[in-house]
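Just so you know, residue 1 is the first one in the sequence shown, and it goes up from there.
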Amino acid sequence: MSVLDDIVAGVRVDLAEREACVPLADLRAALADVDPPLDPMPHFRARGSSVIAEVKRRSPSKGDLADIPDPADLAQQYAAGGAAAISVLTEQRRFGGSLDDLRAVRAAVDTPVLRKDFIVTSYQLVEARAAGADLALLIVAALDDDTLRRLHDEARELGLTVLVEVHDEPETERAVELGAELVGVNARNLKTLEIHDDTFGRLAPLIPDDRVKVAESGIFGPADVKRFVGEGARAVLVGEALVRDGDPQAAVAAMTGVEA
Ligand SMILES: O=P(O)(O)OC[C@@H](O)[C@@H](O)c1c[nH]c2ccccc12
């Protein structure tokens, strides 16, 4: 079983438990009390890089990264540094996150918030919106084409902006075909956890320039950002480097507005 399959299997177990507590119809009813979603597009800079700053405690590849006792405080520092969006890992078993983290971040900032998780059912999209998320991640490698399309449509009906994540050529074609507005190229292969840092450069030319191209994973500073901007990235998604930095606000600011 690949790492990705293993993570998704765990996610489905936890999901079944939550669905047993709160049926989909009740969750949908709760949407009436949630503020409308923010449009992330105006938050992306016209020139130079934008940063999607991530709240992530640990990962299957790196183990423990940071305690993050107060995700709201971290998110406020990201926002003060000029983050275009804040990504909150909500997967619990492998990444130590939760929807409570997302709610806390949502309450603390006016910046668009992304639910970063292994989304395989529409229940998770409704959960994301009910918790106040503005964006949701869909990982192409985790979804067959029918499910990907259905979830993409449902997300948009809910008002969510979708970040569609790819790692190879066939996945990129599927994302482009779908009409994804934001296409994330993950340098890390979620099946093996290996990083290949030529991935963005290889796949970016397959993504039309009217989409926001996002370089994801293994980005540690302005020099990395500069390289990806040169290859066509408008945004970078950064986790580890920011959660480990003593001054996350300055770290986001340093990676923002970087030109090729
Ligand atoms: O911590 P890094 O190397 O800066 O990576 C951030 C982000 O790209 C990574 O967390 C990620 C990208 N795609 C994912 C899908 C699921 C979980 C996590 C991820």
For [X] and [Y], work out which heavy atoms get closest and say how close.
X    : Y    : answer
D5   : M1   : CB-CG, 3.4 Å
F44  : S50  : CA-OG, 3.5 Å
P60  : I7   : CG-CD1, 4.0 Å
D117 : E91  : OD2-N, 3.4 Å
V140 : A175 : CG2-CB, 4.5 Å
L102 : L114 : CD1-O, 4.2 Å

Check whether any side-chain heavy atom of [X] lies under 4.5 Å from a side-chain heavy atom of [Y], and answer yes or no.
X    : Y    : answer
L158 : V126 : yes
S49  : F228 : no
L125 : L151 : yes
V88  : R115 : no
T90  : D101 : no
L163 : L237 : yes
V164 : L178 : yes

Salt bridge or not for [X] and [Y], using N-O below 4.0 Å?
X    : Y    : result
R103 : D100 : yes
E169 : R202 : yes
D14  : R93  : yes
R106 : D134 : yes
D145 : R174 : yes
R211 : E181 : no

(message) How about CZ on R149, more than 12 heavy atoms from neighbouring residues, nucleotides or ligands closer than 6.0 Å, or not?
(response)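 Counting other residues, nucleotides and ligands, CZ of R149 exceeds 12 neighbours.
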(message) Would you say that more than 12 heavy atoms from the other residues, nucleotides or ligands in this model lie under 6.0 Å from the CG of D198, or not?
(response) yes
[Y] backbone acceptor or donor facing [X] side chain under 3.5 Å:
X    : Y    : value
E17  : V13  : no
E173 : P170 : no
R188 : L193 : yes
H196 : A187 : no
D144 : D146 : yes
K56  : G239 : no
Q76  : V109 : no
R57  : A66  : no
D224 : F220 : yes
R129 : A133 : yes

What is the distance from atom [atom1] of [X] to atom [atom2] of [Y], rounded to the nearest 0.5 Å?
X    : Y    : atom1 : atom2 : value
S87  : I52  : OG    : CD1   : 7.5 Å
E165 : I139 : CD    : CD1   : 5.0 Å
E216 : L137 : CD    : CG    : 6.5 Å
I68  : R58  : CD1   : CZ    : 11.0 Å
F95  : E54  : CZ    : CD    : 8.0 Å
H167 : L203 : NE2   : CG    : 8.0 Å

(request) Give every residue pair that meets the side chain to side chain donor-acceptor pair (under 3.5 Å) criterion with at least one member in residues 18-43, sequence neighbours excluded. (result)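 Listed once each, the pairs are R18-E127.
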(message) Show, in sequence, the C-alpha distance, side-chain angles and deciding distance for D6 and R94, and conclude whether the salt bridge (charged side-chain N to carboxylate O under 4.0 Å, His left out) test is met.
(response) CA-CA 10 Å; D6 190 45; R94 301 298 202 98; 2.5 Å; yes
Indicate every side-chain donor-acceptor pair of residues 251-260 with a distance under 3.5 Å to a residue at least two apart or in another chain.
| residue | atom | partner | partner atom | Å |
| --- | --- | --- | --- | --- |
| T256 | OG1 | V252 | O | 2.8 |
| E259 | OE1 | R47 | NH2 | 2.7 |
| E259 | OE2 | R47 | NE | 3.4 |

